Amino acid sequence: MPELPEVETIKNQLKEKIIGKKIGKFFVKEVERRGKMLIIKLTKQKSLVFHLKMTGQLIYQGTKNKHTRKVFKFNDGSCLLFNDLRKFGWFKFVKDFEEMKEIKGLGPDALLIKEKYLRDGLQRRKTKIKALLLDQKFISGIGNIYADEILFEARIDPRKRASNLTFFEISSLYEAIKKILKKAIQQRGSSAKDYLDAFGKEGAYLEFHKVYQKTGKPCFVCKTNIQRVKINQRSTHFCPTCQNN
DNA sequence: CCATGTACCTGAAGGC
DNA sequence: TGCCTTCAGGTACATG
């Protein structure tokens with residue numbers, strides 16, 4: 001599932017390959033990321049905006065398959081494939097992408113948030129902390145995999161109410177968000193299922209996962225079996241001993 | 001404000 | 001072998 005680290009990886013890889021290339025009547029000027037969305041900025045203020053949802057892929061110089069929804073062709077003969085097995089993902093060709101409701105509705109990027117923003121936001125929210133981390137209006141970029149990994153790193157029970165986190169726990173959470181996301185970017189993301197980077201390669205972060213999809217396995221730290229519960233319809237993995245507060 | 005349910009979609013996995 | 005059910009997940013939207 002392309003979350004922030006996966007989209008960041010695709011963005012970095014595409015930047016190296018497509019900036020300056022011509023597509024249709026436009027040139028590619030820049031590639032950016034907002035939360036989980038990828039933006040290919042073109043000349044004349046136009047943009048291609050993508051949300052890959054769960055199974056979307058953007059593959060440079062890929063080979064078409066049954067899940068290929070769109071082939072973008074550049075004038076030098078290279079191409080960019082948009083694949084999506086489950087068809088939840090989308091792309092739009094727009095003018096002024098900053099004005100899109102999907103972009104305007106995003107909270108600050110998880111890599112850029114300030115500790116104070118987190119502290120103030122948590123204080124006035126009664127929802128479970130895991131649910132809040134997934135709320136793109138509050139913080140953008142974190143999905144189900146990294147929410148679980150971040151909360152394990154911070155040793156916080158995902159069911160705990162946001163407003164009940166202690167001062168120290170919020171500090172830990174803030175540090176964990178940055179640490180886990182940066183490390184995942186270094187590994188080019190996590191290929192839990194369908195994710196591939198822009199060169200069609202799997203991400204390597206999965207081997208660093210401590211709780212996600214580890215139900216019933218011994219905790220990395222204390223050997224207690226990892227538990228799975230549902231929080232707001234999302235499967236949530238955590239260690240009942242390490243994350244007990 | 002918060003939680004829950006439903007819809008979108010496909011393929012894998014498990015039960016019988 | 002094969003049919004049926006369940007599950008996975010990001011987000012919008014409707015409903016308690």
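Throughout, a chain's letter reflects where its sequence line sits, starting with A, and its residues are numbered from 1. Because the structure is a prediction, the values reported are computed rather than measured.
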### Query
Nucleotide by nucleotide, 5' to 3', does protein get under 4.0 Å of the base (B), only the sugar-phosphate (S), or neither (-) in nucleotides 4-15 of chain C, counting heavy atoms?
----BBBB----
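- Atoms CG (A:N232) and P (B:dC2) sit 11 Å apart, rounded to a whole Å.
- At whole-Å resolution of the value, NZ in A:K126 and P in B:dA3 are 11 Å apart.
- With the nearest nucleotide of DNA chain B identified for both A:R125 and A:K87, A:R125 has the one nearer the 5' end.
- Rounding to whole angstrom units, CG of residue A:L132 and P of B:dC1 are separated by 12 Å.
- The pair A:K15-A:E30 counts as a salt bridge, with a side-chain nitrogen and a carboxylate oxygen less than 4.0 angstrom apart.
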Could you give the side-chain donor-acceptor pairs of residues 99-108 of chain A under 3.5 Å, partners two or more places apart or in another chain?
unit_1	atom_1	unit_2	atom_2	d
A:E99	OE1	A:K104	NZ	3.1
A:E102	OE2	A:K92	NZ	2.5

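- Atom P of nucleotide B:dC9 and atom CG of A:L52 are separated by 18 Å, given to the nearest angstrom.
- Taking a cutoff of 4.0 Å between a charged side-chain nitrogen and a carboxylate oxygen, A:E115 and A:K178 do not qualify as a salt bridge.
- Applying the 4.0 Å criterion to OP1 and OP2 of B:dA3, one finds that A:R161 has a side-chain N or O inside that range.
- Summarising the hydrophobic clusters (Ile, Leu, Val, Met, Phe, Trp, Tyr; side-chain heavy atoms under 4.5 Å, direct or chained), the residues clustered with A:L81 are A:V71.
- A salt bridge between A:D84 and A:K53 is absent, with no side-chain N of the basic residue lying under 4.0 Å from a carboxylate O of the acidic one.
- Scanning all heavy atoms of the two residues, the minimum distance from A:L181 to A:P5 falls at CD2-CG, 3.8 Å.
- A:Q123 has its CD atom 16 Å from the C1' atom of B:dC1, to the nearest Å.
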